[in-house]
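Remarks on the structure that follows.
Because the structure is a prediction, the values reported are computed rather than measured.
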Amino acid sequence: MGERWMQWAVAEGMAKSVGRLLHKFIGVASGSLAGALWSTFLVGAIQTASGILVAPLLRGRSLWAGWGRITGGILFGIIASVMTVLAVVSFTYPGADVGITTFIVATSIIPGAFIDWAFFRHPLKGRQWLGVGVFLVAGYAMLNFPPLDALALLPPWVWLSAGIALLAACNEGITQWQGRGGAERLDPLVNNFWVGLTTLVCTGLGLLILGSWGAGRAFGWGFWIGSALAGIVIVSMLSFKLLSYQGGGSIALKKLIMQGTYLTAATILGMLVYREPFTPGKIIGIVGFFIAFTFMDEGTWQFMTHRLRPAGGRGR
C-alpha cells in the first residue's frame with residue numbers, strides 16, 4: 001500500500017504519453033490549424049463539463065474561489081490552450097517524432113529555472129548549469145546527432161515543440177505564483193473547470209477570427225473520437241496526480257517517476273504505433289534526461305542525495 005502513490009505517478013506519465021500519441025493522430029487527421037483549434041475546443045468542453053460534474057456535484061466544492069485564485073487559473077488556461085493547439089499543429093508537419101517532441105517539451109525545466117531565478121530569487125547553482133549541459137547533449141542525441149551546421153535548419157515541428165516547452169515553464173511560474181503571496185493556490189478540481197472554460201473561450205475566438213466554424217464538418221469520426229479521448233486523458237491525468245499525492249507520494253520523486261515514464265513510454269509507443277525510427281541516440285537521450293532532470297530539479301536532487309543516503313550516513 002505504501003507504494004500505491006508510485007503506481008499513480010506511473011499512470012499519470014502513461015496518460016500523458018497516450019495524450020502525445022493522440023496529438024499526433026489528430027494532427028495527421030486534420031492537417032490544419034483549424035483542426036487543432038476544433039480539437040482543443042472539444043478538449044476544453046470536456047474539461048469544463050468534468051469540472052462542473054466533479055467539483056460541485058461530487059465533492060461539494062464551489063466553482064467560485066475569488067478573483068485572485070481564478071485569475072491565475074485563467075492565465076494558466078490561456079497558455080495551456082496555446083500549448084495544446086501548438087502540440088497538434090506540430091504533428092501536421094511530416095516527420096514529427098513523438099519521442100523527440102516529448103523530450104523537447106520536457107526541457108521546460110531549463111526556462112523554468114531561469115524564471116525561478118528572475119522572479120522568485122532562486123539562485124542557479126553550478127549543478128543546475130551542469131544539468132543544462134547534459135540536457136543539450138541528450139537533446140542532440142535524441143535528434144540522432146545531426147551535423148552541427150544542420151541545427152539551424154531543423155524542421156518547424158522542433159521549434160514548435162521548443163515553444164511549448166517555454167510556455168510550459170511560464171505555466172509553472174504561474175502555479176508557483178498562485179502558491180505565494182500573489183494568490184492562494186486554486187483547488188485542482190476547480191482549476192480544471194476554469195482552465196477548460198478558458199480553453200473554450202480562447203479556441204472559440206480563434207475559430208471565429210479564422211472563419212473556421214464550418215471547418216469542423218470536414219473532419220471524420222476518427223478526428224472527433226481522438227479529440228474526445230484527448231480530453232478524457234487530460235481529466236484522467238489530473239485524477240492520477242491527485243491520487244499519487246493523496247497516497248503519500250514525495251513531490252520530488254513523483255515528478256521524476258512521472259516525467260521519466262512520460263518520456264520513455266512516449267518514445268516506445270511512438271516507435272510501436274507510428275513506426276518511428278529507433279536510434280541509439282534515443283536511448284542516450286532518455287538516460288541523459290534522468291541525469292539532467294536530477295541535476296536541474298532542486299527537490300529531486302535533495303531527495304536523491306539525502307533521502308536515499310544510507311542510514312548510517314545521515315547522522316546529525
Side-chain angles (χ1 to χ4, degrees), residues 10 13-14 16-25 27-28 31 83 86-115 124-169 172 255-297 300-301 304:
V10 171
M14 290 298 299
K16 290 171 74 72
S17 303
V18 172
R20 294 298 291 174
L21 292 180
L22 289 170
H23 286 157
K24 181 162 184 173
F25 174 81
V28 172
M83 288 171 58
L86 291 181
V88 176
V89 170
S90 66
F91 287 113
T92 63
Y93 292 93
D97 187 290
V98 172
I100 295 174
T101 56
T102 301
F103 179 91
I104 296 171
V105 172
T107 62
S108 62
I109 193 172
I110 296 177
F114 287 103
I115 289 174
L124 289 172
K125 301 177 180 178
R127 148 178 60 80
Q128 291 174 301
W129 286 107
L130 178 60
V132 171
V134 175
F135 259 127
L136 293 176
V137 172
Y140 184 64
M142 287 291 292
L143 292 169
N144 201 27
F145 309 102
L148 293 178
D149 58 357
L151 292 178
L153 302 175
L154 291 172
W157 56 268
V158 172
W159 299 111
L160 287 172
S161 299
I164 296 171
L166 181 59
L167 291 172
E172 283 295 317
K255 285 168 62 178
L256 181 63
I257 291 174
M258 186 277 290
Q259 292 282 11
T261 301
Y262 177 30
L263 175 60
T264 304
T267 302
I268 294 174
L269 290 174
M271 291 187 291
L272 294 176
V273 177
Y274 293 110
R275 297 182 179 177
E276 294 173 349
F278 170 78
T279 63
K282 287 185 175 180
I283 298 176
I284 296 172
I286 291 172
V287 173
F289 169 83
F290 281 97
I291 297 171
F293 189 91
T294 302
F295 284 158
M296 289 288 297
D297 186 75
T300 302
W301 176 259
M304 298 298 286

Could you check whether any side-chain heavy atom of Y274 comes within less than 4.5 Å of a side-chain heavy atom of F25, counting everything from C-beta outward?
yes
Residues forming a side-chain hydrogen bond (donor to acceptor under 3.5 Å, both in side chains) with S90, sequence neighbours excluded
none
One should read off an interatomic distance between I115 CD1 and L166 CG, to the nearest 0.5 angstrom, of 6.5 Å
Is any side-chain heavy atom of L86 closer than 4.5 Å to a side-chain heavy atom of L167?
yes
Using 30° and 60° as the class boundaries, would you call the ring planes of F289 and F103 parallel, tilted or perpendicular?
perpendicular
Quick test of your reading: applying side chain to side chain donor-acceptor pair (under 3.5 Å), list the pairs with at least one residue in residues 281-294, sequence neighbours left out, ordered by first then second residue.
D97-K282
Nearest heavy-atom contact between A169 and G112 is CB-N, 3.5 Å
Hey, is the main chain of P146 close enough, under 3.5 Å, to the side chain of Y140 for a donor-acceptor pair?
yes
Looking only at non-hydrogen atoms, find the nearest pair between V134 and G288 and report the distance.
CG1-O, 3.5 Å
Starting at OG1 of T264, measure out to CE of M14 and round the result to the nearest 0.5 Å.
10.0 Å
Separation between CG of D297 and CG of L256, rounded to the nearest 0.5 Å:
8.5 Å
Are the aromatic ring centres of F295 and W301 under 6.0 angstrom apart?
yes
Considering all heavy atoms of both residues, which atom of L269 and which atom of S17 are nearest to each other, and what is their separation?
CD1-CB, 4.2 Å
Start with the C-alpha distance between F293 and L263, add both sets of side-chain angles, then the distance that settles side-chain contact (heavy atoms from CB on, under 4.5 Å), and finish with yes or no.
CA-CA 12 Å; F293 189 91; L263 175 60; over 6 Å; no
Distance from T101 atom OG1 to L160 atom CG, nearest 0.5 Å?
10.5 Å
Would you say I104 and V158 make side-chain contact, with heavy atoms under 4.5 Å?
yes
To check you understand the geometry: which heavy-atom pair defines the closest contact between G270 and V98, and what is its length?
CA-CB, 4.2 Å
Mind listing the closest non-hydrogen atom pair of A96 and K24 along with its distance?
O-NZ, 2.9 Å
Where at least one partner belongs to residues 127-138, residue pairs that pass side chain to side chain donor-acceptor pair (under 3.5 Å), sequence neighbours excluded
R127-E298
To the nearest 0.5 Å, how far apart are CE in M304 and CZ in F290?
10.0 Å
Can you name the closest pair of heavy atoms from A165 and P111 and give their distance?
O-CG, 4.1 Å
Return the CD1 to CE distance between I286 and M142, rounded to the nearest 0.5 Å.
6.0 Å
